[in-house]
Number of protein chains: 2
Amino acid sequence: MYKSLDPLLHNELRLKIMSLLISIESAEFNFLLDETKATRGNLSAQITKLAKADYITVNKSFKNNYPLTTCKISAKGIDAFESYATALKTYLGNR
Amino acid sequence: MYKSLDPLLHNELRLKIMSLLISIESAEFNFLLDETKATRGNLSAQITKLAKADYITVNKSFKNNYPLTTCKISAKGIDAFESYATALKTYLGNR
DNA sequence: ATAAACAAGTTTATAAAATAAACCAAATAA
DNA sequence: TTATTTGGTTTATTTTATAAACTTGTTTAT
């Protein structure tokens, strides 16, 4: 089958992350953790995948001495998300 | 993460099959093969999964002496598809 | 000052899923 | 009658997702 749905976005956790980031300037790791109810390991893994594809940028700093990971969607990520939304619609018909 | 997207439908090939069946009374194996461009093996496997979940019914007969597999979406399948579409929309925002 | 508990992630190992490749039975063609 | 084609199914491999274990450093209690 020729794939029209970006496999990177066609995963619930990654899609949720992107869906949050697209309307939230940027988000901290723990915020995403709370919103998604994912495990830390899984969240970390999926953030890494999105970052490797340059769909998001990840900034590492410190807050109160603790590591702080902040994520932000990129222009490429926004494009991919929009394309994904468009492609999906062709499957859903009028719904 | 709590899953809100039915994993059975959240796969491009199965989604495509369902998307075709929902607007086509019924479809023959070769029709689905042609529309999806999947391999026969993969198509067979995914049809089996959808059938096991009672999302579709599968009828086996013969046409011109050759085996003929016909698929039809079920009421349960329609419901699942509609729910999936609704759930997805929460991820896509206004798009 | 040391040890135990906690924070914020990352890495690794396992389970599950998707897919391609190989196979099969029956029909037709050479 | 052997070879090829049709219409699939089954098996084996690869990929992906996920949970469990680990790491690095911090804070709290002793």
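Just so it is clear, the model here is predicted, and its values are computed rather than measured. Within every chain, numbering begins at 1; the chains are lettered A, B, ... in the order of the sequence lines, protein sequences first and strands thereafter.
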Original post:
Between the two end axes of the helix from C:dA1-D:dT30 to C:dA30-D:dT1, each built from 5 base pairs, what angle do you get to the nearest 10°?
Top reply: 20°

Subject >> Upstream residue (5' side of DNA chain C) when A:Ile47 and B:Arg40 are each assigned their closest nucleotide >> reply: A:Ile47

**OP:** Could you tell me whether B:Lys60 contacts a base, only the sugar-phosphate backbone, or nothing, with contacts defined as non-hydrogen atoms closer than 4.0 Å?
**Re:** sugar-phosphate

Original post:
How would you label the contact of B:Leu68 with the nucleic acid (heavy atoms, under 4.0 Å): base, sugar-phosphate, or nothing?
Top reply: sugar-phosphate

Original post:
Taking atom C1' of D:dA19 as reference, at what distance in whole Å does atom CE of B:Met1 sit?
Top reply: 16 Å

Subject >> OP1 or OP2 of D:dG8 under 4.0 Å from side-chain N/O of B:Ser44 >> reply: no

**OP:** Measure the shortest side-chain to side-chain distance between B:Thr57 and B:Thr70 over non-hydrogen atoms and say whether it is less than 4.5 angstrom.
**Re:** no

Original post:
Closer than 4.0 Å, any side-chain N/O of B:Asn30 to the OP1 or OP2 of D:dG7?
Top reply: yes

**OP:** Indicate, with a heavy-atom threshold strictly under 4.0 Å, whether A:Leu43 touches base, sugar-phosphate, or nothing.
**Re:** nothing

With 3.5 Å as the limit, what N/O pairs link the protein to nucleotides 14-17 of chain D?
residue : atom : partner : partner atom : Å
D:dA17  : OP1  : A:Asn11 : ND2          : 3.2
D:dA17  : OP1  : A:Arg14 : NH2          : 3.1
D:dA17  : OP2  : A:Arg14 : NH1          : 2.8
D:dA17  : OP2  : A:Arg14 : NH2          : 3.2
D:dA17  : OP2  : A:Lys49 : NZ           : 3.2

Subject >> Stepwise side chain to side chain contact (heavy atoms under 4.5 Å, CB included) test for B:Cys71 and B:Leu21 >> reply: CA-CA 8 Å; B:Cys71 303; B:Leu21 291 180; 4.1 Å; yes

Original post:
Going by an N to O cut-off under 4.0 Å, is there a salt bridge joining A:Glu35 and A:Lys16?
Top reply: no

Subject >> Lys/Arg-Asp/Glu bridge criterion (N-O < 4.0 Å) met for B:Asp34, B:Lys37 >> reply: yes

Original post:
C:dA18 P sits how many Å from B:Leu8 CG, rounded?
Top reply: 8 Å

Original post:
In whole angstrom, what separates B:Leu15's CG from C:dA18's C1'?
Top reply: 15 Å

**OP:** Run the salt-bridge test on A:Lys3 and B:Glu12 with the 4.0 Å N-O cut-off and return the result as yes or no.
**Re:** no

Original post:
Hey, is B:Glu25 close enough to B:Lys72 for a salt bridge, meaning N to O under 4.0 Å?
Top reply: yes

Subject >> Interatomic distance, A:Phe29 CZ vs C:dA7 P [rounded to whole Å] >> reply: 14 Å

What protein N or O atoms touch nucleotides 23-29 of chain D N or O atoms at under 3.5 angstrom, if any, and at what distances?
residue : atom : partner : partner atom : Å
D:dT27  : OP1  : A:Asn65 : ND2          : 3.0
D:dT27  : OP2  : A:Asn65 : ND2          : 3.2

**OP:** Would you confirm whether A:Arg14, through its side chain, and A:Leu8, through its main-chain N or O, come within 3.5 Å as a donor-acceptor pair?
**Re:** yes

